Amino acid sequence: MGATKDEKGSSDDVSQMEEVKPAKGFPKCIFFILGNEFCERYSYYGMRTILVLYLKYYLHWDEDTATAVYHAFTVLAYLFPIFGAIVADSWWGKYNTILYLSIVYALGMILNMLGAIGTLGNTTVHAVLSSMGLLVIAFGTGGIKPCVSAFGGDQFDEDQDQYRRSFFSLFYFAINAGSLVSTFVSPIIRDEVTCFGDDCYALAFGIPAALMVIAIFSFFMGTRFYYRQPPTGNIFFEVPKAIYRALSARWNAPVKDKKHWMDYALETTDAKLVRDIKYVLRIVVLYIPLPLFWTLFDQQGSRWTLQAVRMDGYVGSLRVLPDQMQICNPLMIVTLIPLFEVTLYPCLRHFKINFTPLRRMTLGMLLAGLAFVVAALVQMMIDENLTKVPETNGQTSLRVINSARCDLSLNIDLENWALDEETGSGGGIVIGPSNFTNTKEDIIHPQPFIAMYECMDNSNKKGIVSEPLYGKEAMDLIISDNGDTLKSFYAPHHTEKSDSGKAFVRIVNAANFPINIGAQSIEVNGSLYLPEKHKGSYEIDIVVNEELANKTYTFSYEVFTGALYTYVFREDPQTKYELDKYTDVYRNDVNIFWMIPQYFIITLGEVFLSVTGLEFSYSQAPPSMKSILQSLWLLTVSIGNIIVLIVAEAKLIPNQADEYFLFAGLIGVAAILFVILSMRYEYVDESEFYEAEEDGVHLEEDGFNGGVIEDKKRKLSELSDVEIKNGGVNGVTNGGFEHNTAI
């Protein structure tokens with residue numbers, strides 16, 4: 001096993017610890033950590049990329065519920081890092097925390113995979129297993145998030161700064177490589193592989209589960225080579241105590257004569273801790289508007305993925321799956337960050353343009369709002385050809401299809417139905433042969449009805465039907481010949497588009513005898529959905545038993561991306577048989593590449609806000625408070641996802657484009673608030689923290705003004721970049737400087 005210290009920390013143990021620190025040069029054990037990180041990130045993003053489609057199309061939850069659950073999972077994944085940092089620094093140490101919680105993480109992945117196995121119980125069982133799996137995954141991934149990069153940094157000596165920087169560059173590459181590969185591969189596995197008669201979510205979740213097991217194995221293989229720093233206590237417990245003592249002392253003080261309310265804690269709290277808390281509070285105030293950025297940013301995996309389902313993923317022969325569009329973000333960010341470092345920022349410095357970190361962060365928020373304005377405009381393009389369908393139990397629709405060989409006169413008493421249809425002299429709706437009522441988008445209330453219909457050719461063919469209309473169903477009433485009379489039957493059709501952009505095709509048998517398609521039989525008045533089809537032209541063979549012999553009739557048909565079709569097989573006096581086409585849901589006519597601008601703009605926003613904000617927070621925080629600030633940064637991610645969760649569950653805005661405009665407006669307000677808060681902020685030179693400790697500076701109650709030591713005060717607002725020290729400081733666990741692909 002690797003070198004450890006006894007918790008008592010004897011001098012012998014310290015001496016022994018120093019002997020096992022890595023030799024000069026790049027520690028070989030680092031490659032076990034990098035392998036672990038690549039596999040873990042593949043596991044996480046491979047699962048999360050397809051999660052919202054799994055919730056909607058496999059568990060059959062509505063879009064708002066699927067969105068809410070997706071963001072609830074993200075909330076927990078970014079809350080649990082606080083727990084992981086506390087446990088690692090106070091009890092288990094980083095190594096044990098990573099190992100133990102990785103095992104928990106893998107168990108969650110396995111539970112999630114089991115929930116996607118079709119033969120394992122009903123939908124309720126699948127939902128319970130998946131919900132439990134997501135909770136366990138959030139606990140595991142959140143718990144190890146603040147530990148892995150810091151544990152890697154611990155493997156280097158203090159004079160190995162260059163090697164440490166190389167490690168963090170490789171660590172960043174491992175994160176992005178895992179994310180890029182899994183975001184591309186998982187949707188393909190989900191879409192191209194079929195298991196249990198459906199898209200193979202079980203395999204798409206099973207591969208990330210296997211990668212998580214490999215991640216554990218990779219990490220464990222390096223055990224005997226690791227330098228393991230023992231738990232040294234966590235400042236998380238001290239900060240709230242100090243704040244409580246300050247507030248209590250201020251409340252009880254007869255005279256409020258302190259310059260800062262934290263100064264009231266100086267009598268009972270170490271002066272350095274009080275000083276450091278003041279630094280932190282100045283930065284935390286700036287965090288107040290930041291959750292709105294994550295509210296918008298994290299919808300890439302939920303609302304934007306569902307938006308992509310309604311778009312055409314084809315450019316020539318190239319096909320992009322809806323959930324694959326998420327690859328735009330990591331692909332762009334690994335390009336933009338180094339590009340800006342060698343072009344934009346040097347150019348700004350050359351022309352002496354004062355592009356400070358807080359200004360960059362403000363621009364990042366405004367860009368996120370602009371991205372959602374673009375998303376709203378794209379959504380309006382989609383809505384122009386979006387089919388209205390019943391979405392709740394209080395909604396239904398009815399379309400009448402005439403498969404008879406005559407003009408039909410139809411009389412139905414339904415409120416708000418067929419208002420625009422042509423009527424005949426007798427007041428009935430006229431429907432020509434192979435025609436239909438243009439009422440599939442007339443959303444009405446579920447209700448019973450009576451329909452009377454008759455041929456208008458004096459053949460005296462007529463009929464009557466009395467049926468109820470059920471909620472959340474799109475109903476087809478098909479009327480066809482039945483010898484010397486007419487018959488009618490119900491054939492409700494699907495309304496949900498495929499999660500892969502393929503077309504659904506349904507064959508309805510309106511003839512008076514069974515037919516066969518391949519090995520499957522369609523009874524009289526029955527229907528059959530064919531396997532999902534890519535955009536293109538196809539042929540179908542329908543086998544009819546004629547005079548004690550089977551005869552095959554071949555029909556051609558064409559489908560388009562995202563559309564749903566009904567083909568009615570009927571008898572015809574001229575051609576013997578016909579296959580009539582009816583469109584149930586319109587095709588996706590807006591190309592998916594229209595989403596690239598919104599992905600590009602929000603990725604720009606991430607570079608300016610997320611990457612800059614992490615550097616800013618790290619450089620402006622005292623060494624003892626870096627883990628606190630980084631955890632609070634992750635907390636803003638959780639709060640942002642809570643906002644999405646509330647909006648999705650409240651269902652106050654039925655139109656998706658309007659919801660996008662709402663979010664754009666909210667972050668505009670947040671950006672204005674951020675500007676106001678930033679105007680009062682005074683930059684601190686990071687060297688002040690270390691110099692103050694080396695010189696033994698003791699702060700007097702009136703000698704600290706807003707966290708700046710007067711004789712060392714220097715405004716950094718003239719700098720265009722903030723230098724960041726990579727890795728943990730003094731063994732403090734970093735709070736998980738990683739959101740999506742930016743560490």
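These figures come from a predicted structure and were not determined experimentally.
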For Phe139, which residues count as a ring pair (Phe, Tyr, Trp, His ring centres under 6.0 Å) partner, sequence neighbours excluded? Phe80, Phe83
4.5 Å side-chain heavy-atom contact, Cys328 and Thr603: no
Would you check if the side chain of Ser638 reaches a backbone N or O of Leu76 as a donor-acceptor pair within less than 3.5 Å? no
Around atom OH of Tyr287, are there more than 12 heavy atoms of other residues, nucleotides or ligands at under 6.0 Å? yes
Between Ile137 and Phe73, is a side-chain contact (heavy atoms from CB on, under 4.5 Å) present by the stated rule, with each step listed? CA-CA 9 Å; Ile137 292 168; Phe73 166 74; 3.8 Å; yes
Should Arg319 and Glu192 count as an ion pair when the cut-off is N to O under 4.0 Å? yes
Examine distances only and state if a side-chain atom of Tyr58 and a backbone atom of Gly118 form a donor-acceptor pair shorter than 3.5 Å. yes
Can you establish whether the number of heavy atoms outside Phe237 located under 6.0 Å from its atom CZ is more than 12? yes
Where Ser617 and Leu629 come nearest, the two heavy atoms and their spacing: O-CD1, 3.6 Å
Taking Ser610 for the side chain and Val607 for the main chain, is one N or O donor matched with an acceptor at less than 3.5 Å? no
Measure across Thr295 and Gly640 and return the closest heavy-atom pair with its distance rounded to 0.1 Å. OG1-O, 2.8 Å
Would you say the side-chain atoms of Asp298 and Tyr78 include a donor-acceptor pair closer than 3.5 Å? no
Which heavy atom of Ser149 sits nearest a heavy atom of Phe167, and at what distance? O-CE2, 3.6 Å
pair Phe26-Gln160: side-chain heavy atoms closer than 4.5 Å: no
Does this structure show an ion pair linking Arg303 with Asp64, if we count only N-O contacts that are shorter than 4.0 Å? yes
Does Ile175 offer a backbone N or O that forms a donor-acceptor pair with the side chain of Ser179 under 3.5 Å? no
Output for pair (Ser218 OG, Phe220 CZ), nearest 0.5 Å, gives 12.0 Å
Assess whether atom CZ of Phe340 is packed by more than 12 heavy atoms of other residues, nucleotides or ligands within 6.0 Å. yes
Just by distance, do the side chain of Thr49 and the backbone of Gly46 share a donor-acceptor pair under 3.5 Å? no
Hey, is the main chain of Leu321 close enough, under 3.5 Å, to the side chain of Gln324 for a donor-acceptor pair? yes
What one should report as the nearest heavy-atom pair of Gly301 and Gln326 is CA-OE1, 3.6 Å
Take Phe156 and Tyr163, measure what ring-ring contact (aromatic ring centres under 6.0 Å, His included) needs, and give me the verdict at the end. CA-CA 8 Å; Phe156 298 88; Tyr163 284 129; 7.0 Å; no
Is it the case that Arg190 places NZ or CZ above or below the six-membered ring of Tyr57, under 6.0 angstrom from the centre and within 45 degrees of the axis? no
Do Val185 and Ile207 come close enough that some side-chain heavy atom pair is under 4.5 Å? no
Would one find more than 12 heavy atoms of other residues, nucleotides or ligands at under 6.0 Å from atom CZ of Phe217? no
Between His60 and Thr123, is there a side-chain donor-acceptor contact under 3.5 Å, judged purely by atom types and distance? no
When you look at Met332 and Leu604, which way does the side-chain contact (heavy atoms from CB on, under 4.5 Å) test go after all the steps? CA-CA 9 Å; Met332 290 175 180; Leu604 280 177; over 6 Å; no
Between Ala88 and Pro231, which heavy-atom pair has the shortest distance, and what is it? O-CB, 3.9 Å
Going by the side chain to side chain donor-acceptor pair (under 3.5 Å) test, which pairs reach into residues 96-108, not counting sequence neighbours? Glu40-Tyr105
Go through it in stages, so that I can follow the logic: the residues are Phe225 and Phe31, the test is ring-ring contact (aromatic ring centres under 6.0 Å, His included), and I'd like the CA-CA distance, side-chain angles, deciding distance and then a yes or no. CA-CA 11 Å; Phe225 304 108; Phe31 295 101; over 10 Å; no
cation_pi(Lys94, Tyr226) dist<6.0 Å, angle<=45: no
